[in-house]
Amino acid sequence: MEGHVKRNIVCALLSVIVLVVFVILICSYNAKTSAETSQLESATAEAKPYEDELTELKRSITKAADELSDTSETARFIVGYIISSEEDITYAEEQAAEYGFEPVIILDCYDSLSDLLNLSVAASEAGHEIMLTASAFTSAANDNAISLLYYMDRNGIEHSQVFLLRSDYYSDSSIELLISDGFVGYTVYNTSPTSGVTEDGYVTFDYSYLTTDSSSYTRFSSSYSNLASMVIAVDMDSIKTGTLTESFVLTLLSTISSYSENDDCEFSSVSAVVECLLEENKSMEERTAEYEAYVAECEERIEELEEIIAEIYAQLD
């Protein structure tokens with residue numbers, strides 16, 4: 001009986017000791033946790049302004065990149081007429097007067113050179129800008145283009161130095177040929193119309209060569225949405241044969257005219273588009289230099305902030 005009592009006392013003492021040790025451990029753990037929590041809160045508070053600045057710097061770099069991608073503030077539409085007779089010039093003038101734009105006269109270098117020379121004089125005397133193209137970009141057409149350029153320069157006939165190059169004949173060799181002829185730019189055909197200046201300094205903008213009616217105005221709407229420049233070439237021979245209807249052309253001109261009522265769209269000339277694109281490109285180069293300098297400055301500060309933040313949290317180890 002006495003031994004049983006002693007065992008109970010020993011067990012009770014052991015239980016008390018275990019309980020005391022457990023309580024001490026709990027208190028010690030809570031104290032440590034509380035201290036760590038306090039340190040973490042202190043570190044978080046200390047790091048917060050640096051982390052906020054870091055977040056703002058990264059956000060500002062993204063914003064600057066988005067602003068840099070905005071290359072133009074205006075969609076520009078050039079309306080040109082591919083003519084084969086002097087009567088076509090009168091037709092172009094009538095439509096232009098109705099919708100409020102200056103028509104560009106486009107000469108197809110695939111045609112007879114003698115006819116082209118006469119038409120260039122007629123277009124010049126009527127006071128219209130002249131643009132060259134080739135419905136079939138053959139060596140003979142290119143020879144005609146060279147002869148036309150020489151003739152117009154010699155006789156003081158103003159003309160565009162951008163060639164309306166159709167997508168069928170778009171190639172590096174064709175572009176090299178046009179540049180060697182003296183052109184400063186050429187048109188391109190993109191699903192989403194774009195315009196600008198190449199790395200080599202050549203002006204490019206989109207075009208639509210109208211020879212048949214189309215059931216969609218997607219390209220023209222896309223050009224407006226992308227604030228791009230586009231030349232719309234109305235083939236007069238296609239109107240005469242009926243593959244391109246006058247009603248379609250008028251509906252298109254009406255659509256563009258409604259766009260031009262907004263500040264971000266206008267009818268334009270080839271020379272004006274070239275000038276604007278070159279100015280925008282110059283502005284882009286300056287903006288790019290400023291952007292790169294700004295990003296370099298931000299990245300230097302970001303690196304400093306990351307080191308400061310790392311040092312703050314390193315104290316918790």
Peer 1: So, for F163 and F137, is the gap between ring centers shorter than 6.0 Å?
Peer 2: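 Ring centroids of F163 and F137 are less than 6.0 Å from each other.
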Peer 1: Mind listing the closest non-hydrogen atom pair of S60 and L57 along with its distance?
Peer 2: OG-O, 2.7 Å
Peer 1: Are V104 and V231 close enough that some pair of their side-chain heavy atoms sits under 4.5 Å apart?
Peer 2: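 They are not in contact (no side-chain heavy atoms under 4.5 Å apart), so the answer is no.
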Peer 1: Taking C-beta and beyond as the side chain, do H128 and I89 meet within less than 4.5 Å on heavy atoms?
Peer 2: yes
Peer 1: Not counting sequence neighbours, which residues clear salt bridge (Lys or Arg N to Asp or Glu O under 4.0 Å) with E56? List them please.
Peer 2: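 Partners of E56 by the salt bridge (Lys or Arg N to Asp or Glu O under 4.0 Å) criterion, ordered by chain and then number, come out as R59.
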Peer 1: For R76, is there an ion pair with E280 - N to carboxylate O distance below 4.0 angstrom?
Peer 2: yes
Peer 1: Can you tell me which residue pairs pass the side chain to side chain donor-acceptor pair (under 3.5 Å) test with a partner in residues 97-111, sequence neighbours excluded?
Peer 2: D108-S135
Peer 1: Could you check whether any side-chain heavy atom of L244 comes within less than 4.5 Å of a side-chain heavy atom of V249, counting everything from C-beta outward?
Peer 2: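 Yes - at least one pair of side-chain heavy atoms lies under 4.5 Å apart.
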Peer 1: Should I130 and E158 count as side-chain neighbours, where that means a heavy-atom distance under 4.5 Å?
Peer 2: no
Peer 1: Report yes if the side chains of T204 and V197 come closer than 4.5 Å at any heavy-atom pair, otherwise no.
Peer 2: no
Peer 1: How about T218 and S221: does a side-chain donor come under 3.5 Å of a side-chain acceptor?
Peer 2: no
Peer 1: With heavy-atom distances below 4.5 Å as the criterion, would you say the side chains of H159 and D153 are in contact?
Peer 2: yes
Peer 1: With no hydrogens and no angle check, just 3.5 Å: does a side-chain donor-acceptor pair link Y91 and E87?
Peer 2: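 Note: Y91 and E87 side chains miss the donor-acceptor criterion.
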Peer 1: Taking all atoms of both residues into account, what is the closest heavy-atom pair of S260 and S257, and its distance?
Peer 2: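 In this case the closest contact between S260 and S257 is OG-O, 2.6 Å.
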Peer 1: Let me confirm one number: the CZ-CD1 distance from F267 to I232, rounded to the nearest 0.5 Å.
Peer 2: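 So the gap between those two atoms works out to 7.5 Å.
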Peer 1: For the backbone of T245 and the side chain of D213, can you confirm whether one donor and one acceptor N or O come within less than 3.5 Å of each other?
Peer 2: yes
Peer 1: Near E275 CD, under 6.0 Å, is it more than 12 heavy atoms from other residues, nucleotides or ligands?
Peer 2: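 For E275, atom CD is not crowded (no more than 12 foreign heavy atoms under 6.0 Å).
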Peer 1: Quick check: closest heavy atoms across S229 and S195, and the distance to 0.1 Å?
Peer 2: N-OG, 3.1 Å
Peer 1: So do the side chains of Y202 and I175 get within less than 4.5 Å of each other, counting heavy atoms only?
Peer 2: no
Peer 1: How about Y189 and Y170: are their ring centroids closer than 6.0 Å?
Peer 2: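 Ring-ring flag for Y189/Y170: false, centres at least 6.0 Å apart.
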Peer 1: Which residue is it: D206, L227, V188? I am looking for the one with a side-chain contact (heavy atoms from CB on, under 4.5 Å) to P193.
Peer 2: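 With P193 as partner, D206, L227, V188 yield a single side-chain contact (heavy atoms from CB on, under 4.5 Å), made by D206.
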Peer 1: Is any side-chain heavy atom of P103 closer than 4.5 Å to a side-chain heavy atom of V79?
Peer 2: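 Side-chain contact under 4.5 Å: no.
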Peer 1: Would you tell me whether S84 and D237 have side-chain atoms, one donor and one acceptor, within less than 3.5 Å of each other?
Peer 2: yes
Peer 1: For F220 and S208, work out which heavy atoms get closest and say how close.
Peer 2: CZ-OG, 3.5 Å
Peer 1: Using ring centroids (six-membered ring only for Trp), state whether Y224 and Y259 fall under 6.0 Å.
Peer 2: yes
Peer 1: Can you see which heavy atom on S85 is nearest to which on K240, and at what distance?
Peer 2: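 Minimum heavy-atom separation between S85 and K240: OG-NZ, 3.8 Å.
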Peer 1: Where the side chain of E129 meets the backbone of S269, is there a donor-acceptor pair that is under 3.5 Å apart?
Peer 2: no
Peer 1: Show me the donor-acceptor pairs, under 3.5 Å and distance only, between side chains in residues 117-125 and residues at least two apart or in other chains.
Peer 2:
residue, atom, partner, partner atom, Å
N118, ND2, S114, O, 3.2
S120, OG, L117, O, 2.6

Peer 1: Any donor-acceptor pair under 3.5 Å linking the side chain of Y207 with the backbone of S167?
Peer 2: yes
